[in-house]
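Scroll down for the structure; my scribbles are underneath it.
In the text below, chain A, chain B and the rest are named by the order of the sequence lines, each starting its count at 1. A quick note: this is a predicted structure, and the numbers were derived from the prediction, not measured.
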Amino acid sequence: MGLPFRDLVSPQQLDWPALAGRRLAVDAYNAIYQFLATIRQRDGQPFSDAAGRPTSHLIGVFYRTTALLGQGVLPIWVFDGRPPDLKAGTLRARFVAKERAESEWKEALAAGDLETAKRKAAATSRLTRGMAEECQELLTALGVPVIRAPSEGEAQAAAMAAQGQAWAAASEDYDCLLFGAPRLVRGLAARGQRSGSPGAQVIDRAELLAALGISSEELLLIGLLVGTDFNDGAPGVGPKKALTLVRRHLGWEATLAAAGLDAAELTPVAEVFRHPEVAEVPPPVFGPVDDGAVERLLVEGHGFSPERIRAAIGRARRRPPVAASPAENHGRQTLIEAFGGDAP
DNA sequence: CACAGTTA
DNA sequence: TAACTGTGG
């Protein structure tokens with residue numbers, strides 16, 4: 001899945017006030033897949049409405065978004081378009097892995113092993129076109145901008161951060177860094193309004209390169225060596241070995257050759273990262289929550305509890321004040337700007 | 001995942 | 001108030 005960069009990066013912890021007033025280009029598919037994997041019952045069965053239609057994606061998107069807004073964080077949800085042709089192999093492998101997890105889930109259930117069952121069930125998650133559209137509809141009703149990327153959502157999110165339309169890209173996958181995001185926000189689980197709640201971690205791309213002593217192209221090389229969604233990587237080479245090799249600064253061809261990879265074959269893969277297919281998008285605008293539309297979708301459409309929905313919308317409206325001093329406010333958007341000059 | 005109710 | 005546990009759909 002994502003690049004194994006955990007051992008290479010040293011993230012900086014951010015509390016909620018540090019994120020307030022900032023726009024985040026959220027990798028929607030990454031977040032929703034996590035919701036589908038984790039918002040499940042004890043036996044691994046996903047949540048569903050009375051008609052048996054899944055609702056885990058809606059629960060996750062709704063509560064994540066209202067929690068972020070309640071913290072003053074401004075999420076722009078960026079959805080995937082058509083995957084690059086080079087991803088076909090990865091997509092096939094994922095399909096096979098899901099089939100396998102499906103049978104292992106059933107086996108665990110038959111054996112009465114609920115813990116394994118839930119873990120296997122998580123790996124069967126499928127995000128359908130209809131589910132993505134439903135999430136987009138919900139987000140629009142919440143007054144939150146939705147971007148449909150032409151191709152990879154992470155690439156679009158990275159581009160938006162690079163262009164300053166967002167402060168950072170938000171994803172659990174490190175791929176955003178290869179796509180050029182200047183900052184990557186991870187761990188965006190918005191554990192309530194509670195004091196001392198964790199907030200999130202940020203990885204600054206320039207700081208990362210400086211700390212590792214490598215260039216942008218060399219970071220891409222590490223990706224190619226360990227493998228991405230678009231290539232297999234060198235056998236036996238993980239992040240540590242890849243970094244050691246890249247630090248010899250042998251250059252593009254020699255580095256790949258040293259790991260037994262064919263540079264010519266990897267040029268199109270590198271191009272996906274260097275020049276990803278992204279769209280120019282208008283400045284994202286946040287609007288007011290359309291209570292009626294949210295309730296129609298969640299309460300009437302899927303049997304959510306109206307009390308819970310109203311309570312969460314209320315929390316989303318109760319945003320913290322914008323940063324106190326101009327210095328602290330640097331790089332942030334005031335809530336009046338964010339809400340199209342119509343702050344409540 | 002995030003909420004809500006419970007417990008100490 | 002914080003930590004824990006069951007529930008939501």
Side-chain angles (χ1 to χ4, degrees), chain A residues 1-2 14-16 19-20 24 26-75 77-79 105 114-115 117-128 130-139 141-142 144 170-173 185-201 289 291 293-320:
Chain A
M1 285 262 179
L14 290 181
D15 58 12
W16 288 115
L19 285 163
L24 300 180
V26 176
D27 177 1
Y29 270 42
N30 183 262
I32 296 171
Y33 264 112
Q34 287 199 318
F35 299 147
L36 294 175
T38 59
I39 304 178
R40 286 172 181 268
Q41 323 196 53
R42 215 193 294 273
D43 61 355
Q45 203 64 234
F47 277 74
S48 57
D49 62 18
R53 292 169 305 194
T55 53
S56 299
H57 57 301
L58 295 171
I59 298 173
V61 166
F62 176 69
Y63 286 118
R64 170 69 57 87
T65 302
T66 51
L68 288 174
L69 290 175
Q71 298 286 357
V73 184
L74 303 164
W77 289 73
V78 184
F79 286 77
W105 176 21
L114 285 185
E115 215 166 300
K118 190 160 186 190
R119 211 176 56 247
K120 294 299 177 184
T124 66
S125 307
R126 284 188 173 87
L127 206 181
T128 67
M131 289 158 81
E133 281 169 4
E134 216 171 12
C135 288
Q136 292 172 18
E137 202 182 327
L138 172 60
L139 288 161
L142 286 169
V144 162
S171 175
E172 298 312 303
D173 284 355
V185 167
R186 300 186 73 246
L188 201 63
R191 259 285 182 185
Q193 264 89 325
R194 297 168 176 83
S195 63
S197 62
Q201 300 88 47
V289 179
D291 302 54
V294 175
E295 289 194 26
R296 272 195 300 281
L297 193 69
L298 296 181
V299 179
E300 288 168 41
H302 295 285
F304 282 52
S305 145
E307 292 81 10
R308 281 171 175 254
I309 297 310
R310 288 185 202 126
I313 291 175
R315 285 191 295 270
R317 286 212 175 92
R318 203 166 53 247
R319 294 186 295 274

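At whole-Å resolution of the value, CZ in A/Phe35 and C1' in B/dC3 are 14 Å apart. As rounded to whole Å, 13 Å separates atom P of B/dA2 from atom CD1 of A/Ile32. Atom OH of A/Tyr33 and atom C1' of B/dC1 are 17 Å apart (whole Å). Rounded to whole Å, atom P of C/dG8 lies 18 Å from atom NE2 of A/His302. We find that CZ of A/Phe62 is positioned 16 Å from C1' of C/dT7, with the value rounded to whole Å. Note: CD1 (A/Ile309) to P (C/dT7) measures 19 Å, nearest angstrom. Between A/Asp49 atom CG and C/dG9 atom C1' there is a gap of 7 Å when expressed in whole angstrom units. Rounded to whole Å, the distance from NE2 on A/His57 to C1' on C/dG9 is 11 Å.
Here the side chains of A/Leu297 and A/Glu137 are in contact, with some heavy-atom distance below 4.5 Å. Two residues are said to be in side-chain contact when any heavy atoms from C-beta on lie closer than 4.5 Å; A/Phe47 and A/Leu58 fail this criterion. The shortest distance between side-chain heavy atoms of A/Thr65 and A/Val26 does not fall below 4.5 Å.
When distances are taken from the side chain of A/Ile59 to each of B/dA2, B/dA4, B/dC1, the shortest belongs to B/dC1. For A/Ala311, taking side-chain heavy atoms from C-beta onward, the closest of the listed nucleotides B/dA4, B/dC1, C/dG9 is B/dA4. The A/Ser48 side chain lies nearest to C/dG9 when the options are B/dA4, B/dC1, C/dG9.
Between A/Arg315 and B/dC3 there is a side-chain polar atom (N or O) within less than 4.0 angstrom of OP1 or OP2. For the pair A/Arg64 and B/dA2, the criterion of a side-chain N or O lying under 4.0 Å from OP1 or OP2 is met.
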In sequence, state the C-alpha distance, the side-chain angles, and the governing distance for A/Val144 and A/Leu69, and then conclude on side chain to side chain contact (heavy atoms under 4.5 Å, CB included). CA-CA 9 Å; A/Val144 162; A/Leu69 290 175; 4.0 Å; yes
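A/Pro46 comes within 4.0 angstrom of a nucleotide base, judged by non-hydrogen atoms across all strands. Within the 4.0 angstrom heavy-atom criterion, only backbone atoms of the sugar-phosphate kind lie near A/Thr55; the bases stay farther away. When heavy atoms are screened at a 4.0 angstrom cut-off, A/Arg53 is found touching no nucleic acid atom at all. Contact annotation for A/Ser305: backbone-only contact, meaning every heavy-atom pair under 4.0 Å involves sugar-phosphate atoms and none involves a base. At a threshold of 4.0 angstrom between heavy atoms, the contacts of A/Gln34 with the nucleic acid are absent.
Using the six-membered ring where Trp is involved, A/Trp77 and A/Phe35 have ring planes that are tilted, between 30° and 60° apart.
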